[in-house]
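Right, one structure below, let's go through it.
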Amino acid sequence: MGLDIHVLIADWSWLAEAPPGERLSRLRDAWYADETGLWDWDAPAVDGDWEWPEGPHSDCFALYEFTRTCGSFKAHFWAGERWERMRDHAEPPLRAELDTFLRALIWGGLDGEADHVDPGFFSDDPAVSYGVLLARSPDSVRELAATSERIRPRLGGLRAAFDEHAAAPDGWIGGFDEFTDLLEDWHRVLAEAARRRWGVVGLSE
């Protein structure tokens with residue numbers, strides 16, 4: 001069993017009604033509730049799309065299902081690894097923006113110590129925030145969505161560098177299209193959250 005990730009967008013005003021130490025349980029309780037319809041065994045599976053809950057919290061959060069990842073964090077981890085292998089061959093302006101983008105979401109950075117959680121989003125107590133992989137406030141989301149908009153039209157220029165330095169046909173995110181598909185999924189998450197002025201949360205359950 002590997003690490004999983006569930007990426008949700010959440011209404012910040014709703015979360016902020018609770019103190020930081022109670023926000024994670026507030027989100028989890030709403031997500032786990034039977035009335036959401038998200039836990040029905042016969043619910044149709046989605047891939048690369050949103051799952052919106054039913055019930056009393058239908059306007060408070062949504063879950064995004066990434067394309068071809070089956071909920072595993074491995075795809076996201078390996079996207080960071082592929083980037084690390086080819087980043088020296090990217091044009092400096094694009095390299096700087098992709099460094100910022102991926103380091104904020106899924107990549108550990110060159111030092112392996114990137115922090116993907118904004119201070120004050122949840123409790124700083126590890127026992128309370130267990131399972132949190134990502135927590136970005138609406139302000140951070142807005143900045144990352146803008147960065148993503150600038151990156152998207154320039155990604156095609158990385159294909160040759162990826163193919164030469166990062167491709168791994170038998171591995172996760174082994175081809176360039178898989179790499180860009182994952183980034184496009186992240187763009188969809190950030191764009192929707194930014195449009196609503198919501199936060200983004202990644203949980204391992």
Side-chain angles (χ1 to χ4, degrees), residues 1-41 43 45-81 101-109 111-141 144 172-173 182-183 185-186 188-190 192-193 196 198-205:
M1 295 291 289
L3 188 68
D4 63 327
I5 185 171
H6 303 275
V7 175
L8 302 94
I9 59 173
D11 183 344
W12 178 247
S13 62
W14 168 70
L15 276 182
E17 290 174 356
E22 298 175 13
R23 290 173 187 164
L24 183 55
S25 60
R26 184 182 182 93
L27 179 59
R28 279 191 167 121
D29 288 348
W31 177 29
Y32 289 161
D34 290 339
E35 58 264 34
T36 64
L38 299 175
W39 304 98
D40 295 345
W41 67 271
V46 300
D47 197 35
D49 207 350
W50 293 100
E51 287 191 282
W52 293 91
E54 300 174 0
H57 296 108
S58 60
D59 59 351
C60 295
F61 74 95
L63 178 71
Y64 189 80
E65 296 290 351
F66 281 74
T67 307
R68 297 188 301 275
T69 69
C70 300
S72 174
F73 185 74
K74 288 181 179 179
H76 307 273
F77 169 82
W78 281 106
E81 293 292 296
F101 184 77
L102 293 173
R103 187 179 173 92
L105 296 171
I106 56 176
W107 179 43
D111 58 6
E113 297 181 358
D115 190 354
H116 304 137
V117 178
D118 282 334
F121 197 115
F122 293 130
S123 170
D124 294 332
D125 182 350
V128 175
S129 59
Y130 178 79
V132 175
L133 303 179
L134 169 73
R136 292 300 183 196
S137 70
D139 287 343
S140 292
V141 167
L144 288 167
W172 284 87
I173 313 297
L182 189 75
L183 266 58
D185 276 347
W186 274 112
R188 294 186 68 188
V189 170
L190 293 165
E192 183 65 25
R196 294 172 177 268
W198 285 11
V200 174
V201 179
L203 300 176
S204 178
E205 298 296 286

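Treat the numbers as computed from the prediction; the structure is a model and nothing was measured.
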- Closest heavy-atom contact between Arg23 and Leu15? CG-O, 3.2 Å
- Message: The criterion is ring-ring contact (aromatic ring centres under 6.0 Å, His included); which residues satisfy it with Trp198, sequence neighbours excluded?
- Response: none
Under 3.5 Å, which donor-acceptor pairs link side chains of residues 122-133 to any protein atom two or more places apart or in another chain?
{"from": "Ser123", "atom 1": "OG", "to": "Asp125", "atom 2": "N", "distance (Å)": "3.0"}
{"from": "Asp125", "atom 1": "OD1", "to": "Ala127", "atom 2": "N", "distance (Å)": "2.9"}
{"from": "Ser129", "atom 1": "OG", "to": "Asp125", "atom 2": "O", "distance (Å)": "3.1"}

- Note on the structure: Smallest heavy-atom separation, Asp185 atom then Gly48 atom, equals OD1-CA, 4.3 Å
- Note on the structure: Residue pairs passing the salt bridge (charged side-chain N to carboxylate O under 4.0 Å, His left out) test with at least one member in residues 5-19, sequence neighbours excluded, are Glu17-Arg26
- Query: Which atom names give the shortest non-hydrogen contact between Gly199 and Ala193, and what distance separates them?
  - Reply: O-CB, 4.3 Å
- Note on the structure: In terms of heavy-atom contacts, Ala104 and Leu144 come closest through CB-CD2, 3.6 Å
- With Asp118 via salt bridge (charged side-chain N to carboxylate O under 4.0 Å, His left out) - residues at least two apart: Arg136
- Query: Who pairs with Asp49 by salt bridge (charged side-chain N to carboxylate O under 4.0 Å, His left out), at least two apart in sequence or on another chain?
  - Reply: Arg188
- Can you tell me how far the CD1 atom of Ile106 sits from the CG atom of Leu183, to the nearest 0.5 Å? 6.5 Å
- Task: Return yes if some donor-acceptor pair links the side-chain N/O of Ser25 with the main-chain N/O of Glu22 below 3.5 Å, else return no.
- Result: yes
- Query: How many angstroms lie between CG in Leu105 and NE2 in His76, if you round to the nearest 0.5 Å?
  - Reply: 10.0 Å
- Please name all residues satisfying side-chain contact (heavy atoms from CB on, under 4.5 Å) with His57, sequence neighbours left out, ordered by chain then number. Trp14, Ala30, Cys60, Phe61
- Query: What residue pairs, at least two apart or across chains, pass salt bridge (charged side-chain N to carboxylate O under 4.0 Å, His left out) with a residue in residues 54-67?
  - Reply: none
- Item | Student check: side-chain heavy atoms of Trp172 and Phe73 closer than 4.5 Å | no
- Return yes if some donor-acceptor pair links the side-chain N/O of His116 with the main-chain N/O of Arg103 below 3.5 Å, else return no. yes
- Name all residues meeting the side-chain contact (heavy atoms from CB on, under 4.5 Å) criterion together with Glu192; count only those two or more places apart in sequence or in a different chain, and write none if there are none. Ile9, Trp50, Trp52, Arg195, Arg196
- Message: A side-chain contact here means heavy atoms from C-beta on lying under 4.5 Å apart; do Trp12 and Val141 qualify?
- Response: no
- Message: Could you report the tightest heavy-atom contact between Gly202 and Ile5, atom names first, then the distance?
- Response: CA-CG1, 4.3 Å
- Note, Ser204 side chain near Asp4 side chain (heavy atom, < 4.5 Å): yes
- Item | Shortest non-hydrogen separation from Gly109 to Ala114 and the atoms involved | N-CB, 4.3 Å
- Note on the structure: For Asp139, the salt bridge (charged side-chain N to carboxylate O under 4.0 Å, His left out) test, sequence neighbours excluded, returns Arg142
- Would you say Trp186 and Phe66 make side-chain contact, with heavy atoms under 4.5 Å? yes
- Arg28: side-chain contact (heavy atoms from CB on, under 4.5 Å) partners, not counting sequence neighbours: Leu24, Tyr32, Leu203, Glu205
- Across all chains, not counting sequence neighbours, the ring-ring contact (aromatic ring centres under 6.0 Å, His included) partners of His6 are Trp31
- salt bridge (charged side-chain N to carboxylate O under 4.0 Å, His left out) pairs touching residues 69-79, sequence neighbours excluded, are none
- Rounding to 0.5 Å, atoms CG (Leu63) and CG (Leu8) come to a distance of 5.0 Å
